[in-house]
S.K.: 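Dropping the structure in here first, questions after.
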Amino acid sequence: SPSILSSGYSEDVTFFLGNYPDDFLTKNISVLIGDQNCIKVNKTSLGRLSCVLVRNSSANMLSENSIKIYFEGVGYASSAKLNVLPTVMRGFQLFSSNPHNGSVFGGNVLYIDGIGFDYRHPQRHVVQLLAVGLTPYTVYDRLLLSLGFSAHTNRASDQVLNCTVLALNGSQIKCQLPEHLTPYKNSTYVINLTLNNIIAAADVNLTYTQDMSFTPTLSNSVKIVSVSSLGEYVFTVEGTQLADGLVEVKVGEVCCCELWRLPDLNRLHTSTHCWNMDCKCSCGNK
């Protein structure tokens, strides 16, 4: 336990043994997972064996690793299926991401699927989008970033986008791209994930494109439908490329609620309920 290990961070691994020697507690025991020694071996009288498998930057692609537990004077342990070495899956790898494109003004939320994420320490994950063709950061720069410092190598603001981690479990990261009032040029980025100065592997590069053609565009006019005596405004905003999902609308810093949305060819009409006093409803999923 666990049945799937990460190479992106050090893990405690526990084995539950059967048919172990009577002098189990006094025997010298070594554990090899794949080609890496599992250190700090600890034993209990109940046949439980534990050790620490240190993170490994050269074992990131998900793969099956044999487990070799060697008992002094006896030999190697087998799995419950006799004559077969036990195995475990291990890796730190990205599989997919969604969505694949968004606005040149940023702010989009990305979902990145993979394996080997450290759900106990989400703050240690650094998600960055590097413009295609950009030279990757050096080992020294990655170390600075993992410690919370800025990279030594200077980058233009539109060359590297830091995606702030919002939520994380063992197989998915949710992060949000920075918003910016000045539109960036149309660009495609490669998604990189670093954990403890180790870069996640990927079969193919995961990419994200910021492009004007994917940017929601609003009409210049806002149509006020009604105003109540409480200062309650109902108004309609028209535009193109308005997403089907959650929409966050603010007038200044005042939140507005979407009441309804009507499709009209390539245009969506969104009506929102806005208050000029305290915010009476939540913005999007916040």
Side-chain angles (χ1 to χ4, degrees), residues 97-112 123 125-138 141-142 144-167 173-194 205-224 233 235-258 261 266-272 274 276 279 282-286:
S97 62
N98 188 60
H100 303 297
N101 45 61
S103 168
V104 292
F105 288 96
N108 209 358
V109 174
L110 304 184
Y111 295 87
I112 304 169
Q123 73 280 2
H125 299 72
V126 178
V127 182
Q128 288 191 319
L129 278 65
L130 304 180
V132 170
L134 192 66
T135 303
Y137 279 125
T138 63
D141 280 330
R142 295 202 306 271
L144 290 175
L145 291 169
S146 68
L147 295 174
F149 298 102
S150 299
H152 179 72
T153 305
N154 292 323
R155 306 284 200 196
S157 59
D158 63 343
Q159 290 181 319
V160 179
L161 307 180
N162 292 308
C163 200
T164 302
V165 175
L166 302 177
I173 294 176
K174 176 184 178 182
C175 67
Q176 184 168 27
L177 294 171
E179 60 182 57
H180 35 85
L181 297 180
T182 302
Y184 287 168
K185 63 184 179 181
N186 295 349
S187 299
T188 298
Y189 299 86
V190 175
I191 299 173
N192 278 336
L193 170 63
T194 303
N205 285 335
L206 305 184
T207 60
Y208 176 81
T209 299
Q210 286 195 160
D211 195 292
M212 194 62 204
S213 64
F214 302 116
T215 302
T217 304
L218 304 181
S219 62
N220 292 326
S221 62
V222 174
K223 299 177 182 178
I224 297 176
Y233 286 74
F235 61 91
T236 300
V237 177
E238 297 183 0
T240 57
Q241 294 290 347
L242 301 185
D244 293 332
L246 293 170
V247 176
E248 178 181 302
V249 181
K250 287 185 178 180
V251 179
E253 291 302 315
V254 179
C255 298
C256 299
C257 291
E258 180 184 345
R261 197 183 316 197
N266 192 34
R267 176 169 297 189
L268 292 175
H269 300 270
T270 58
S271 295
T272 59
C274 187
N276 62 3
C279 185
S282 62
C283 282
N285 58 351
K286 297 184 179 179

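Any value given below was found using the heavy atoms of this structure, including those in side chains, with hydrogens, waters and symmetry copies removed.
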S.K.: Are Ser157 and Tyr184 packed together at the side-chain level, in the sense that at least one heavy-atom pair is separated by less than 4.5 angstrom?
M.R.: yes
S.K.: What closest approach, in Å, do His152 and Leu144 show between heavy atoms, and which atom pair accounts for it?
M.R.: N-CD1, 3.8 Å
S.K.: Look up atom OH in Tyr208 and atom CG in Leu130, then write down how far apart they are to the nearest 0.5 Å.
M.R.: 15.0 Å
S.K.: Is any side-chain heavy atom of Leu161 closer than 4.5 Å to one of Gln210?
M.R.: yes
S.K.: Got Phe214 and Asn186 here, is their nearest side-chain heavy-atom distance under 4.5 Å?
M.R.: no
S.K.: Identify the heavy atoms of Thr215 and Phe105 that sit nearest to each other, and give their distance.
M.R.: CG2-CD1, 4.0 Å
S.K.: Would a 4.5 Å heavy-atom cut-off, applied to side chains only, mark Ile112 and Leu193 as touching?
M.R.: no
S.K.: Restricting to non-hydrogen atoms, name the atom on His180 and the atom on Thr182 that form the minimum distance, rounded to 0.1 Å.
M.R.: ND1-O, 2.9 Å
S.K.: Using side-chain heavy atoms (C-beta onward) and a distance below 4.5 Å, is Gln128 in contact with Thr194?
M.R.: no
S.K.: Among Asp211, Thr217, Thr209, which residue meets the side chain to side chain donor-acceptor pair (under 3.5 Å) test with Ser213?
M.R.: Asp211
S.K.: Is the backbone of Gly106 close enough, under 3.5 Å, to the side chain of Glu179 for a donor and an acceptor to pair up by distance?
M.R.: no
S.K.: Are more than 12 heavy atoms from other residues, nucleotides or ligands located less than 6.0 Å from atom CD of Gln123?
M.R.: yes
S.K.: In a check of side chain to side chain contact (heavy atoms under 4.5 Å, CB included) between Asn108 and each of Pro99, Cys175, Cys163, which one passes?
M.R.: Pro99
S.K.: Restricting to non-hydrogen atoms, name the atom on Val104 and the atom on Met212 that form the minimum distance, rounded to 0.1 Å.
M.R.: CG1-N, 3.5 Å
S.K.: Does Val132 offer a backbone N or O that forms a donor-acceptor pair with the side chain of Thr188 under 3.5 Å?
M.R.: no
S.K.: Among Leu129, Leu166, Ile173, Leu206, whose side chain to side chain contact (heavy atoms under 4.5 Å, CB included) with Leu110 holds?
M.R.: Leu129
S.K.: Is any side-chain heavy atom of Arg155 closer than 4.5 Å to a side-chain heavy atom of Leu134?
M.R.: yes
S.K.: Are the side chain of Asp141 and the backbone N or O of Thr153 linked by a donor-acceptor pair below 3.5 Å?
M.R.: yes
